[in-house]
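What follows is a short report on a single structure.
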There are 2 protein chains.
Amino acid sequence: MADGPYHHGNLRAALLERAEVILTTSGAEGLTLRGLARELGVSHAAPARHFRDRQTLLDALAVSGFTTLNARLASAAGGGGGGPVGARLAALGRTYVDFAVEHTALLELMFAVKHADDSSDELRERGHESLLIVARLMEEGQQTGAVRPGEPVQLAQVAFSTVHGLATLAVASLLDDTPLAEATELALEILLAGLRPGA
Amino acid sequence: MADGPYHHGNLRAALLERAEVILTTSGAEGLTLRGLARELGVSHAAPARHFRDRQTLLDALAVSGFTTLNARLASAAGGGGGGPVGARLAALGRTYVDFAVEHTALLELMFAVKHADDSSDELRERGHESLLIVARLMEEGQQTGAVRPGEPVQLAQVAFSTVHGLATLAVASLLDDTPLAEATELALEILLAGLRPGA
DNA sequence: ACCTGAACACCGTTCAAGT
DNA sequence: ACCTGAACACCGTTCAAGT
């Protein structure tokens, strides 16, 4: 790991790694290409070799964020498929809220409106992956009678909205005295009740 | 309205007005103090007289956004208080989603994590106003038997989360083929069903 | 292929000085 | 009281040139 004149080829990875740290500690506004270059001991123009512009770097972070999130969601959904669907949906919701408050700035990036044109497609696709994990559980719930009929993806959109919105309220300090865990349980209970057939 | 050497005293209002236009058309990233000053024909240092820094201006925009939103919500909640509670809750939800997709960048500001220290309190208070409008309707619904028992503010937080999250999904292009109006109706139906007593 | 150094056109913020 | 002009310390992005 001795420093040569160059960053021995892994500058791209080093940039992403350092950027994620800065994003977590200082937010997206504190993330500058020049600052990144400085910390990694390369010239300020070096990052441009690996990321066309700042937005492309931010989008790469967002994509990697979705990758992490989706892995956690898939794991929470219960790979093997045991347990009642309602409980697994609730686990999914708690996992999402945990991730969201733990990676506030990253999540903001993941759902930001502005993206580089070439990252936009991949970002959307990763988001769909998240929704699909939920949708598959909805479909299973429909078979076991825990979930009302309807397009599973649309039901997933509603469930996703609930937990995502809750996380937003939490980081915006709008939950006040309500502990986030309590608010999450109430939201999930209302959501699951509303999803039941005949509700 | 002839131009003197100064901006005849209404520079603050002019800055806010112009800033809101730019926010809507170009997003927060496109909003610079120097650009604003240029468009209004004042020196680049003039805005500092009225807003301590850029963040203070952004927070002022966010506060004004909440004012507009709360007025709309209050109106949709039915000032006089006629009609079934469920229908008025649904109207509230549709109003929120409409506002959210119409003022994407503004809403992002309203729920942003970073704020100037002196605006943070007022911003939170305005957010609480939004929640209170919903909470009052929840309380009314509990009396008419349309809404389950529980802390009205907590129920409001759940309802707010649902519609806010839905708006986020919409602007992130994650609703795909589902028209937003359709997704909104489904979300509101599931929410209201989940809120009913004994659900 | 990968990086450097200089250059260009921007920023936000501050502060003496003007009216 | 309100604004200007200059100054400072940053940015992102580009591009010839180096190895």
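These values consider heavy atoms only, across backbone and side chains, with no hydrogens, waters or symmetry-generated copies. Quick note on labels: first sequence line is chain A, next is B, and so on, each numbered from 1. All values derive from a computational prediction rather than experimental measurement.
By the side-chain hydrogen bond (donor to acceptor under 3.5 Å, both in side chains) test, B:H115 is found to be paired with B:D59, residues two or more places apart in sequence or in another chain being considered. Not counting sequence neighbours, the partners of B:T178 by the side-chain hydrogen bond (donor to acceptor under 3.5 Å, both in side chains) test are A:Q157. In this structure A:E139 satisfies the side-chain hydrogen bond (donor to acceptor under 3.5 Å, both in side chains) test with no other residue, sequence neighbours excluded. Applying the ring pair (Phe, Tyr, Trp, His ring centres under 6.0 Å) test to B:H103 and every residue at least two apart in sequence or in another chain returns B:F99. With sequence neighbours left out, the salt bridge (Lys or Arg N to Asp or Glu O under 4.0 Å) criterion links B:D121 to B:R124.
Scanning residues 51-58 of chain B for heavy-atom distances under 4.0 Å to DNA chain C yields B:D53, B:R54. Within residues 26-35 of chain A, the residues approaching DNA chain D are A:T32, A:L33, A:R34, by heavy-atom distance under 4.0 Å.
Rounded to an integer number of Å, the gap from CG of B:N10 to P of D:dC2 is 12 Å. A:L36 places its CG atom 16 Å from the C1' atom of D:dT13, with the value rounded to the nearest Å. Between A:L40 atom CG and C:dC2 atom C1' there is a gap of 15 Å when expressed in whole angstrom units. Remark: C1' of D:dC15 and CZ of A:R49 are 10 Å apart, rounded to the nearest angstrom.
Remark: A:H50 is in phosphate contact with C:dC3, judged by side-chain N or O atoms under 4.0 Å from OP1 or OP2.
Among pairs with a residue in residues 143-152 of chain A, those fulfilling side-chain hydrogen bond (donor to acceptor under 3.5 Å, both in side chains) read A:R148-B:E189, at least two apart in sequence or across chains. Pairs of residues two or more places apart, or lying in two chains, never qualify as side-chain hydrogen bond (donor to acceptor under 3.5 Å, both in side chains) while including a residue from residues 28-38 of chain B.
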Contacts under 3.5 angstrom, residues 42-49 of chain A side chains, donor-acceptor by atom type, not counting sequence neighbours:
residue: A:S43; atom: OG; partner: A:A45; partner atom: N; Å: 3.3
residue: A:S43; atom: OG; partner: A:A46; partner atom: N; Å: 3.4

Quiz: residues 18-25 of chain A side-chain donor-acceptor pairs under 3.5 angstrom, not counting sequence neighbours:
residue: A:R18; atom: NE; partner: A:E39; partner atom: OE1; Å: 2.6
residue: A:R18; atom: NH2; partner: A:E39; partner atom: OE1; Å: 2.6
residue: A:T24; atom: OG1; partner: A:E20; partner atom: O; Å: 2.8
residue: A:T25; atom: OG1; partner: A:V21; partner atom: O; Å: 3.1
residue: A:T25; atom: OG1; partner: A:I22; partner atom: O; Å: 3.3

According to the Watson-Crick and G-U wobble definition with distances under 3.5 Å, which dot-bracket string, read 5' to 3', encodes DNA chain D, using [ ] for crossing pairs and | for pairs with another strand? ||.|||||...|||||.||

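Donor-acceptor pairing under 3.5 Å is lacking for the side chains of A:D117 and A:S120.
Judged by closest nucleotide on DNA chain D, B:H44 is the one of A:A48 and B:H44 placed further toward the 5' end.
Of the candidate nucleotides C:dC11, D:dC3, C:dT14, C:dC11 has the atom nearest to the side chain of B:R38.
Heavy-atom contacts from other residues, nucleotides or ligands closer than 6.0 Å to CG of A:D177 number 12 or fewer.
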